[in-house]
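Here is the structure we will look at, set down as C-alpha cells.
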Amino acid sequence: MTAKFPYKGRILMIGYGSVGRCTMPLLERHFDMPMSRITVVDAVDNSADAARFIAQGLNYVVNPLFDHNLAKTLAKYVGKGDLILNLSVEVSSLALIEWCAKNGVLYLDTCIEPWAGYYDNAKIPEEERTNYFLRHSALELGKKFRKGSASALLTHGANPGLISHFIKQAVLDIAKFRGLDAKKPTTREGWAKLMQSCGVKVIHVAEHDLQVSAVPKRPNEFVNTWSIPGFVGEGCQPAELGWGTHEKKLPENAVEHKVGCKAGIFLRQPGCITEMRSWTPHGGPMIAYLITHGESISTADYFTVTEKGKPVYRPTVHYAYHPCNDAVLSVREFQMKNFKMQDDVRLLGEEIEDGIDELGCLLMGDFGAYWYGSQLSIHEARRVMGPEFNATSPQIASPVLAGAMWLIQNPDRGLVEPEDIDHDYIMEICRPYLGPVVGCWSDWTPLKDRDVLFPEPNLDRKDPWQFENFRVRR
C-alpha cells in the first residue's frame, strides 16, 4: 500500500493495551486524517505509551467504561458514520454493538467481550461462559438490526480474524494440489462444499510462539507477548471446539449446546489445563493448550454442509496454542495457585532477543496435513514497526487496520464475521506486517512416534484424525 486511505470521519479506540499500541502507528501510517480526529478511551492511564500521538493531537481520555456511563461517553466522541475500534477487555461487546447499530456507528472488535466478572463467575452456567454462547447472543442481537444498518465486524484480530482468511487460502491450495476446481467460491455454501471435497476433517489454529526473552520470568509473575488479562480470561473459560461430523464419539466431560447452530461443544474444564497435540513447520510437534476462541465456532459453522436441514459435513476446529516458554511457566504457576492471578504481570517487548511467532492453520484429512500462515520474527517485526514491539502485536493489529478499511468501504452490511469477508482483500493489507507467509505440507499425525516408552491402548489407529488421538492424557 502506498497511497493513504482517505477517511472523513472520527475514530474512537477503546483500550490502549498491547493491540492498541500497535494499531495506532498503523492508523497514522495508512489513514489520511489528522490525529485530532482520533480519541482513545482507556480504563487505566497508558498515556505515556501514547505520548507521540498525543503531541500530534490525539485525544487521550482515562475513563473506565461501565453499563451506566457507556452511552453518554460514546456519544461524546463518535456519531453517525464514525468508527469504534474496541480493543479492550471487560467492556461488553453486545452493549457496544447495540449502541452502534442505533447510532449508525461502524464497529470492530477482536473478541466478543462480556462485562467484568463473567468468565470466572461460577454462578453463571458453564454453557453461558463459552464463546459459543457469546457469539450466539451477538448473532441474535444482529437479527434485530434493520436492513442496511451500520456494519459491525466481530472478532477481527489475528485469531479470531486473520486466521479465517488463512483457512480459505489453505483450502484453495489443497484443492489445487488434489486436482479439484480451485476457483475461489463466491458463497458460503460454495466454500463449505469445496472444503468437503478436499477431505478436510480437522483444523487446528496452530500457533507456536518461539520468542525468547533476555529477562526470564520470575516467581509470582505472569509474562506474555500479548494481553495478559485477555489470555487469562479466555484460559479460564471452558475449553471449546467446533465438532466435526467425522468424529465417532463425544469426548469425556463434553457438553453439547442447547441453543444456536449446534456446531460446537465444550469440555467441563478450563482451556488453560486442556492440552492437545499439534504441529507447526518451524516449531515441529508441540503440546498446546486448547484455549477457547471465537473462530473455533464460526469456522466450523461456516464450513458446514447441510442436506435436508441436517449437517452432513463439518470439520472439527479448535485453537492449539503454545505460548512463549515464559508464558507456559506463567500458566503452570497460575494453575498451581488454583487460578489465582499472580501479583506481577509483564508484557514482553524490548527484552525479547530472538524468535518468531508462528501463527497459522493446520488442515488435516484425506490428503495428510497442510499448514498455512505467518512466520513473523522479532527482527522483522521491529524493522516494520519499531523496537518496542514484539512479533505477536503486528499479527493482531494489521487485521484491525484491514478490518477498519473494509468497514469504511462497506458501511451498511449489519453484523458480519471474518468468514463473510473476501480473504484476498484482507491479506493484501496485512501481508507487509506478517513476515514470511508460507504453506507447508507434512506427514505429521497425532499418532506419529507414539507408544514409545509405554503402550497407549486407547488410540484409534484406524482414523488418526479422531479428537481423542490429539488429546493429551496425564
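None of the values given here were measured: they were computed from a predicted structure. Heavy atoms only: backbone and side chains are in, while hydrogens, waters and symmetry mates are out.
D42 is linked by a salt bridge (charged side-chain N to carboxylate O under 4.0 Å, His left out) to nothing, counting only residues two or more places apart in sequence or in another chain. With sequence neighbours excluded, the residues satisfying salt bridge (charged side-chain N to carboxylate O under 4.0 Å, His left out) with K448 are D443. Taking the ring pair (Phe, Tyr, Trp, His ring centres under 6.0 Å) definition, one finds that Y302 meets it with nothing, sequence neighbours left out. Listed by chain and number, the residues in a salt bridge (charged side-chain N to carboxylate O under 4.0 Å, His left out) with E28 are R52 (sequence neighbours excluded). In this view, S164 and E419 satisfy the side chain to side chain donor-acceptor pair (under 3.5 Å) rule, not counting sequence neighbours. Scanning for side chain to side chain donor-acceptor pair (under 3.5 Å) contacts around D463 gives Q466, with sequence neighbours left out. Qualifying salt bridge (charged side-chain N to carboxylate O under 4.0 Å, His left out) partners for K123, counting only residues two or more places apart in sequence or in other chains: none. Scanning for ring pair (Phe, Tyr, Trp, His ring centres under 6.0 Å) contacts around F66 gives H68, with sequence neighbours left out.
Across all their heavy atoms, I429 and L401 have their closest contact at CG2-CD2, 4.0 Å. When all heavy atoms of A300 and P315 are compared, the pair lying nearest together is CB-O, 4.0 Å. Pairing each heavy atom of T130 with each of P238, the nearest pair is CG2-CG, 4.0 Å. Taking every heavy atom of both residues into account, P399 and P394 meet most closely at CD-O, 4.1 Å. The two residues G242 and I297 have their closest heavy-atom pair at N-CD1, 4.1 Å. In plain terms, the two heavy atoms of L415 and A138 that are nearest each other are CD2-O, 3.1 Å.
The number of heavy atoms from other shown groups lying within 6.0 Å of CZ (R461) is above 12.
Between the side chain of R450 and the main chain of N469, a donor-acceptor pair closer than 3.5 Å is present. Checking side-chain atoms of S151 against main-chain N and O of L407 turns up no donor-acceptor pair under 3.5 Å.
Using cut-offs of 30° and 60° for the angle between ring planes, the H136 and Y132 rings count as parallel. Ring geometry for H318 against F467 counts as perpendicular: the plane angle is over 60°, on a 0 to 90° scale with 30° as the lower cut. Between Y433 and H30, the angle of the ring planes goes over 60°, which puts this pair in the perpendicular group of the 30/60° scheme. Ring planes of Y16 and Y60: perpendicular class, angle over 60° (limits at 30 and 60°).
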Step-by-step side chain to side chain contact (heavy atoms under 4.5 Å, CB included) determination, N131 to T155: CA-CA 11 Å; N131 276 318; T155 65; over 6 Å; no
Any chance you could lay out the ring pair (Phe, Tyr, Trp, His ring centres under 6.0 Å) test for H257 and F133, step after step, and finish with the verdict? CA-CA 9 Å; H257 289 277; F133 188 84; 8.1 Å; no
Evaluate the criterion side chain to side chain contact (heavy atoms under 4.5 Å, CB included) for residue pair T299 and V205; output intermediate values, then yes/no. CA-CA 11 Å; T299 300; V205 179; over 6 Å; no
For the pair V212 and I378, evaluate side chain to side chain contact (heavy atoms under 4.5 Å, CB included) and give the outcome as yes or no after the intermediate values. CA-CA 9 Å; V212 179; I378 184 63; over 6 Å; no
Between L154 and I97, does a side chain to side chain contact (heavy atoms under 4.5 Å, CB included) hold up when you go through it step by step? CA-CA 9 Å; L154 302 182; I97 291 167; 3.4 Å; yes
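To the nearest 0.5 Å, atom OG of residue S296 and atom CG of residue L290 are 7.0 Å apart. How far OG of S88 is from CG of L96: 7.0 Å, rounded to the nearest 0.5 Å. Considering CZ of F367 and CG of D173, their distance stands at 11.0 Å, rounded to 0.5 Å. Taken from CD in E247 to CD1 in I265, the straight-line distance is 8.0 Å, to the nearest 0.5 Å. Going from atom CG of L134 over to atom CZ of R129 covers 11.5 Å, rounded to the nearest 0.5 Å. With rounding to the nearest 0.5 Å, the separation of NE2 in H165 from SG in C361 is 12.0 Å.
Ion pairing between a basic and an acidic side chain is recognised when a charged N comes within 4.0 Å of a carboxylate O; R188 and D301 show such pairing. Salt bridge R135/E417: present, at least one basic N to carboxylate O contact under 4.0 Å. In this structure, R218 does not pair ionically with D344, as no charged nitrogen and carboxylate oxygen lie closer than 4.0 Å.
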Hey, can you pull the donor-acceptor pairs under 3.5 Å for the side chains in residues 327-340, sequence neighbours left out?
{"residue": "S330", "atom": "OG", "partner": "V223", "partner atom": "N", "Å": "2.9"}
{"residue": "S330", "atom": "OG", "partner": "D326", "partner atom": "O", "Å": "2.8"}
{"residue": "E333", "atom": "OE1", "partner": "K217", "partner atom": "NZ", "Å": "2.8"}
{"residue": "E333", "atom": "OE1", "partner": "N220", "partner atom": "N", "Å": "3.3"}
{"residue": "E333", "atom": "OE1", "partner": "Q342", "partner atom": "NE2", "Å": "2.9"}
{"residue": "E333", "atom": "OE2", "partner": "N220", "partner atom": "N", "Å": "2.8"}
{"residue": "Q335", "atom": "NE2", "partner": "C272", "partner atom": "O", "Å": "2.6"}

Validation: residues 351-360 side-chain donor-acceptor distances under 3.5 Å, sequence neighbours left out:
{"residue": "E351", "atom": "OE1", "partner": "G349", "partner atom": "N", "Å": "3.0"}
{"residue": "E351", "atom": "OE2", "partner": "R346", "partner atom": "NH1", "Å": "3.0"}
{"residue": "D354", "atom": "OD1", "partner": "H379", "partner atom": "NE2", "Å": "3.1"}
{"residue": "D357", "atom": "OD2", "partner": "T392", "partner atom": "OG1", "Å": "2.7"}
{"residue": "E358", "atom": "OE1", "partner": "T280", "partner atom": "OG1", "Å": "2.7"}
{"residue": "E358", "atom": "OE1", "partner": "H282", "partner atom": "N", "Å": "3.2"}
{"residue": "E358", "atom": "OE1", "partner": "G283", "partner atom": "N", "Å": "3.0"}
{"residue": "E358", "atom": "OE2", "partner": "H282", "partner atom": "N", "Å": "2.7"}
{"residue": "E358", "atom": "OE2", "partner": "Q375", "partner atom": "NE2", "Å": "2.7"}

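With no hydrogens or angles considered, a side-chain donor-acceptor pair links N46 and R21 at under 3.5 Å. Side-chain atoms of N86 and E113 form no donor-acceptor pair, as typed in the model, at a separation below 3.5 Å. Of the N and O atoms on the side chains of T225 and N390, not one donor lies less than 3.5 Å from an acceptor on the other residue.
Here salt bridge (Lys or Arg N to Asp or Glu O under 4.0 Å) pairs that include residues 278-292, with residues two or more places apart or in two chains, number zero. Contacts classified as salt bridge (Lys or Arg N to Asp or Glu O under 4.0 Å) and involving residues 368-388 (residues at least two apart or in different chains) are given here: E380-R383.
Counting heavy atoms from C-beta on, the side chains of E207 and I163 never come closer than 4.5 Å. You'll find the side chain of I38 stays beyond 4.5 Å of the side chain of F53, heavy atoms only.
Checked against H204 for a ring pair (Phe, Tyr, Trp, His ring centres under 6.0 Å), the options Y289, W371, F470, W465 give a single hit: F470. Across W191, Y372, F166, W406, a single residue satisfies ring pair (Phe, Tyr, Trp, His ring centres under 6.0 Å) together with H423, and that is W191.
Under the 6.0 Å cut-off for aromatic ring centres, H293 and Y321 do not qualify, their centroids lying 6.0 Å or more apart.
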